[in-house]
Every structure is written in C-alpha cells, then in structure tokens.
Amino acid sequence: MTHMHVNLKVNGREVEVRAEPRTLLIHLLREHLDLTGPHIGCDTGHCGACTVDLDGRSVKSCMVFAAQVQGAEVTTIEGIAGDGGAPHPLQEAFREHHGLQCGYCTPGMIVRAWRLLEENPDPDEEAIRYGISGNLCRCTGYQNIVKAIRAAADEMNAARETEQ
Amino acid sequence: MIPAAFDYHRPADLAGAVRLLAEHGDEALVVAGGHSLIPMMKLRMAQPGHLVDLRAIESLRGVRVEGGTVTIGAMTTQAEVIASGPLVDACPILREAALQIADPQIRNLGTVGGNAANGDPGNDLPAVMLALDARYTLEGAGGRREVAAREYYEGAFATAREDGEILTAIRFEAPPAGHGCAYEKQKRKVGDYATAAAAVILARSGGTCTHASIALTNLADRPLLAAEAGAALAGTAAGEAEIAAACAAAQAIAEPVSDGRGSAAFRTRLTGVIVRRAIERALATAA
C-alpha cells in the first residue's frame, strides 16, 4: 500500500488527505493541512508539544498514524479560538498570566488544558498539575501555566453562569 | 523519525484480525493503543509489513463485573479503567496502578491488553495481574485458550503468546470485599518506568492476615510473583517481624540491572523499601 485517502474532520472542517499509512498525524496536520500550531518536540511521545484532541480525548499526535484517524474528528490549537478569531479564554489567560515564554509547548498545553476543563470545569491546583503532566515546559516552571488554567476556568465558569 | 512502510488493516471483528495474522505470518503485527509499538517502529526496531489495528473490534472493549468475576476487554484503555466505577469498586488496585502509567494522553490510547500482552518488563499492569492471579484469553487460528498471568511472562518481550495469537481479554476473581491493596511505584519523573514497584493485595480477618499476594515490576526481565513474601504474611498477624520477613523475601528474588534509574544494588535495596510501603498501606486500607 503506497498511499491511501484519509477522510477526517479537522477543526470542524471535512478534509481528505492522500497520505501513506505510516504518515504520523502530526505530519499530516503540519505538512498536508498546513496546521503548524501543533509542534514536534521530542517525537517520542514524552513532551506533549504535539498534543491535539482526537475524538474527544487528548492524544499525542506523534504517536498516531494517518491510517488510524480515518473517520476521526481532530481539534488543534487553530480550532480553539472563538467566532471571528477572538482568543479563547485559555489563550487570553495564558497571555495575561505569562503562561508562556518561548511558546513552544503552548499549543499542546492549551489544547490539553481545553480538554481538561471540559472533563473537569473546576479543577484545583493538584488536578491541573496532574492533568497537564504529559506536557513539558522548559521555560516557565509551570507556576504561571497553572495560574492561567485556573484563571481561565474561573472566567469560563463565570460566563456559563451569566448565560444561565 | 519515520517508520518503515506498511500495509494497514482495520478488521471489523476478531475473526478478521485472526485471519489477517494467519495470512501474513510474521510479517504482521497487531497494534492496540500503539504506545509501545509505534515508538519501536519509529526506531525501526519493529518493521511489520502489515499492521493489524484492533481499534474497530467492539467485542474487545469494555469491563464486566459479574458475580465477583471481572473481565476486561483487551482494548479497554487505561483511562477507561480509571473511570470504570464498578471495576474500581471491585478492585481499586487497577485504578491506582493505571494512574501511575505514563501520562493522561498516553492513557487515553494505551490499553490494558497492550500493557499486559507485550512482555515489556517496565509495564505496570503485569505485576498487578500476577498479584490478582488473572487469566489471559488468547485467540488465534488454532482456537481459544487461557493462560495464567503467572505462566505468561518468560523474559523481556518473551511471553507464552504464540505468533498469530491475540490477547483478547483478562479475567480474574475480584479480591474479597474489604481487602487491602496498594501499588507503590518509585519513578524518577512522570512517564518513567519504575525504578522499583510492588503490587500488594491482602485480606484480614480479625487480627490475622488471611491472604497476601505480592508482585514486583521492573526488577527482573519479567514481572515477578513474590510468593515467599506473600507466604510470610499469610496466616500471621502481619506484625513487624512478618513484614520484615516479607520484604527480605521480595528483595531476595529481585534481579534488577544497573541503568539510568540506579545501580542494581540500589534497586535491590529499594525493592525492600517499596514492598514495605505497599504492605503497610495495604494493611491500612484493609477492613
């Protein structure tokens, strides 16, 4: 089998990609779909820079083959922002609380935090630290990332209350 | 790192997967969550010509707890184990051990069957399965058979599973209500394999420890059942002398290698420490 047609939904859009089965999801996103938000860090499943959302679960896209995402739904950092490109509360909070320095881990960190807040909208510090334990940051020491995620949770919960 | 090219198969049922393995022989490998195999493929330490993905086989998913017997489908993810209420109620050590495997993203794809099947001595669930005296169901072209976890592991990545067989389910009798358990794992950082880890399951009645199973992770080329350590506690009051004897017995069978996690001497010494912590915590949780 040299190439196959992979149909999937990425950031709400149906796409078809012609790729070898061995193509890694991270390469499919970056090189075939020009979604360069997810980063390649360690390429060994440790660092979490390539984290995306796959069918409602955070995964490391360097450890999934293109062939395996046939029919799947993927969300990357490019799909997190609100209507008209307004930053997501997590993106705002990372900026506000200095949750990034070099920014390399940030797309994976935010996509993971996004799913974490879906699973647990009111995490305490321990739950946040445990929830992002698969994402490495070599700049911040994590303190401001944890603060940012907690602030985003407050913001999102307040917005939900206002809606109701 | 780009793996070698392969043909991809996603059979819809187990019979289809077994047929593909029979057809392609040692050219074919099964992939479950992929977190052991895909890194090996990227390093080209594994170069299957055919990859048989089990993800579409619904019969391999899910947990059943029926009258004290627990059955876990091989494709059940570690995250699903952590979230499975009935399983966690019947056998909390599985949740505790699964929570110490790698990180959230890995556990979302990593499966119970994959962790148990491939014979990597660093995997955490095999020792738990030894302590539980679990049985593995293997299915291949020759039919279905059951192998005790205690008979399954032969060496590093060497197991009783034949080429062409798939580990489809894990079954065990839930420990009695009120049992105590602990999985103690020392590791350098999140995501690492154990420097040393121990699973302890025990039961108490009155002041007597009526049963104790102890097993060890990453302290030899295979998971170890520390039978003499368990025997040192069973039928006793599990006081200081018996705990010390159990720790010494466990330490005596550890044969770790020296590696980045520590020297063999350190890891052997650590075995006694980690077994003690696990026993003490299991005793504290026993009703």
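A, B, ... follow the sequence lines: proteins, then strands. Residue 1 opens every chain.
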**Message:** Checking Q68(A) against Y8(B) for the side chain to side chain contact (heavy atoms under 4.5 Å, CB included) test, could you report, in this order, the C-alpha distance in whole Å, the side-chain angles of both residues, the deciding distance, and whether it holds?
**Reply:** CA-CA 9 Å; Q68(A) 298 181 290; Y8(B) 177 77; 3.8 Å; yes
**Prompt:** Do any of residues 34-53 of chain B come closer than 4.5 Å to chain A, heavy atom to heavy atom, and if so which ones, in number order?
**Reply:** H35(B), I38(B), P39(B), M41(B), K42(B), R44(B), L51(B), D53(B)
**Request:** Go through M63(A), R22(A), H27(A), R112(A) and name the one with the most non-hydrogen pairs under 4.5 angstrom from chain B.
**Result:** R22(A)
**Fill in**
residues 114-145 of chain A vs chain B, non-hydrogen distance cutoff under 4.5 Å, contacting residues -> Y130(A), G131(A), S133(A), G134(A), N135(A)
**Item:** Best-contacting candidate, A4(B), A56(B), A79(B), G33(B), against chain A by heavy atom pairs under 4.5 angstrom
**Value:** A4(B)
**Message:** Would you say CD of E16(A) has more than 12 non-hydrogen atoms from neighbouring residues, nucleotides or ligands within 6.0 angstrom?
**Reply:** yes
**Asked** Is there side-chain contact between R57(A) and P104(B), with heavy atoms separated by less than 4.5 Å?
**Response** no
**Message:** With a 6.0 Å cut-off (strictly less than), is the heavy-atom count around CZ of R13(A), excluding the residue itself, greater than 12?
**Reply:** no
**Request:** Of all the heavy-atom pairs spanning K60(A) and D103(B), show the shortest one and how long it is.
**Result:** NZ-OD2, 2.5 Å
**Prompt:** Looking only at heavy atoms, which of residues 80-94 of chain A get nearer than 4.5 Å to chain B?
**Reply:** none
**Rounded distance (nearest 0.5 Å) linking atom NZ of K189(B) with atom NE2 of H46(A)** = 5.0 Å
**Item:** Residues of residues 105-113 of chain B contacting chain A, heavy-atom criterion under 4.5 Å, by residue number
**Value:** Q105(B), I106(B), R107(B), N108(B), L109(B)
